[in-house]
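Start at 1 and go down the list; that is how both ligands and their atoms are numbered. For the numbers below, each heavy atom of this structure counts, side chains included, while hydrogens, waters and symmetry mates do not.
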Amino acid sequence: MSENVVVAQGLTKVYGEQRAVDGIDFNVTRGETFGLLGPNGAGKSTTMRMIACRTPLTSGLLSVEGHDVTRSQRRVRSLIGVVPQENNLDPDLNVLENLHVYARYFRLPKPLAATRSLELLRFTGLEHRARARVDELSGGMKRRLMIARALLHQPGILVLDEPTTGLDPQVRQEIWQRLEELRRDGGVTILLSTHYMEEAEKLCERLIVMDQGRILAQGSPRELVESSVSRYALEVRDCEGKDLQQEGLDGVTSVSRGGAHLYFAADPSLLAPLMKYYEGYRLLLRPSNLEDVFLQLVTSEEALDEAHGDD
Ligand SMILES: Nc1ncnc2c1ncn2[C@@H]1O[C@H](COP(=O)(O)OP(=O)(O)OP(=O)(O)O)[C@@H](O)[C@H]1O
Ligand SMILES: [Mg+2]
């Protein structure tokens with residue numbers, strides 16, 4: 001039986017006039033990796049900061065392990081390991097000292113803090129940098145140190161706001177590997193936001209796509225792909241000036257995006273007539289993916305706003 005670790009109902013955060021999070025409902029099940037996707041300003045970080053008790057809710061209900069985040073902040077904070085979008089390491093301290101100081105917030109006894117710190121530096125591949133100053137670390141190393149720090153008090157829940165943004169593909173893969181291990185071996189429940197569709201597809205069992213503080217869609221990556229776009233995509237690059245074909249193609253949907261045309265269909269044979277139309281262009285026939293879903297959802301929302309004259 002699945003058990004809810006995080007439950008949000010009508011969760012809302014208002015900054016002045018801005019409804020950063022606008023009455024969203026979702027739940028996160030024990031042991032799953034749950035993704036938050038959405039364009040810049042969608043409300044992902046705000047949602048995560050409310051879960052981690054870094055900012056109060058304006059209204060709605062939010063509980064973590066059955067504890068109301070408004071009433072049981074201290075308790076909730078002790079259950080969650082947090083990696084915020086911006087690194088906030090202490091630049092005056094070295095790597096190991098950063099961990100030791102943070103361990104004090106959780107009142108870990110010194111010897112325990114010392115052993116755990118070393119273990120976590122090994123886990124994140126930073127043991128050879130234990131004495132390095134934080135500002136001597138590369139971006140990827142800082143991110144790994146942030147993750148190590150979030151794990152010090154052995155939380156059962158991790159809230160990771162864009163854990164791998166700006167990292168090279170190899171470091172990103174290493175972080176994915178570590179997150180998989182935490183989930184598989186430690187049963188850790190993970191919430192993460194990302195702009196990398198590959199990351200969401202690989203790691204997340206379920207995800208929500210947000211825009212303008214609302215949830216546009218939710219489900220597993222596969223469900224989202226299958227329910228939002230058809231299985232196959234024909235992608236045509238560099239076709240400014242060429243008309244998008246919208247009429248007379250049964251079972252095909254089309255969209256124009258950044259100088260490319262995209263056609264979706266359940267069967268590749270339905271896309272065959274288009275091959276002729278685009279002779280000489282760069283064509284790619286491929287399975288549909290989460291990026292297609294994302295762009296489709298977010299683009300259509302913006303188009304809707306324009307039609308309604310919103311800003
Ligand atoms: N402290 C704040 N004060 C005022 N407005 C804020 C504050 N934090 C966020 N906002 C606004 O709330 C909205 C949602 O911001 P949020 O940081 O949650 O988006 P996001 O989905 O994390 O975006 P990104 O992908 O760029 O990180 C934005 O319009 C932002 O300007
Ligand atoms: Mg953010």
Protein contact of atom 12 (O) of ligand 1 - nearest heavy atom, named by residue and atom, plus distance: A20 CB, 3.2 Å
Give me the ring orientation class for F34 and F26: parallel if the planes are under 30° apart, tilted from 30 to 60°, perpendicular past 60°. parallel
Nearest-0.5 Å distance that lies between atom OG1 in T165 and atom CD in Q85: 7.0 Å
salt_bridge(D292, R286) N-O dist < 4.0 Å: yes
Would you mind checking which non-hydrogen protein atom is closest to atom 15 (O) of ligand 1, with the distance to 0.1 Å? T46 OG1, 3.7 Å
Got the closest protein heavy atom to atom 26 (O) of ligand 1, with its distance? N40 ND2, 2.9 Å
Is atom 7 (C) of ligand 1 near the protein, in the sense that some protein heavy atom lies at less than 4.0 Å from it? yes
Specify the protein heavy atom at minimum distance from atom 29 (O) of ligand 1: its residue, its atom name, and the distance to 0.1 Å. Q18 NE2, 3.1 Å
A quick test of your reading: do over 12 heavy atoms of other residues, nucleotides or ligands sit less than 6.0 Å from OH of Y105? no
Heavy atom of protein inside 4.0 Å of atom 17 (O) of ligand 1, strictly below: yes
Considering only the protein, which heavy-atom contact is closest to atom 14 (C) of ligand 1, and what is its distance? G41 O, 3.4 Å
Output yes when the distance from some N or O of ligand 1 to some N or O of G38 is under 3.5 Å, and no in every other case. no
Donor-acceptor under 3.5 Å (S63 side chain, D68 main chain): no
Side chains of R172 and Y196: is there a donor and an acceptor less than 3.5 Å apart? yes
Kindly compute the distance separating CG (L36) from CG (L192), expressed to the nearest 0.5 Å. 8.0 Å
CA sep, side-chain torsions, deciding dist, call: R149, N88, side-chain hydrogen bond (donor to acceptor under 3.5 Å, both in side chains): CA-CA 11 Å; R149 197 183 72 172; N88 54 0; 2.7 Å; yes
Show, in sequence, the C-alpha distance, side-chain angles and deciding distance for Y281 and H261, and conclude whether the side-chain hydrogen bond (donor to acceptor under 3.5 Å, both in side chains) test is met. CA-CA 11 Å; Y281 282 81; H261 290 174; over 6 Å; no
Supply the atom-to-atom distance F294 CZ to L216 CG, rounded to the nearest 0.5 angstrom. 9.0 Å
Show which atoms of ligand 1 fall inside a sub-4.0 Å distance from at least one heavy-atom site of E162. 25 (O), 27 (O)
protein heavy-atom neighbour closest to atom 1 (N) of ligand 1 works out as Y15 CE2, 3.6 Å
State the atoms of ligand 1, each with its element, that fall below the 4.0 Å cut-off from a heavy-atom position in A42. 19 (O), 20 (P), 21 (O)
At under 4.0 Å between heavy atoms, is it the side chain or the backbone of H195 that contacts ligand 1, or both, or neither? side chain
Identify, by atom number and element, the atoms of ligand 1 in contact range of S45, meaning under 4.0 Å from any of its heavy atoms. 17 (O), 18 (O), 20 (P), 22 (O), 27 (O)
At the Mg ion (ligand 2): angle between S45 atom OG and Q85 atom OE1, to 10 degrees: 80°
Short N/O/S contact of M48 with the Mg ion (ligand 2) (below 2.8 Å): no
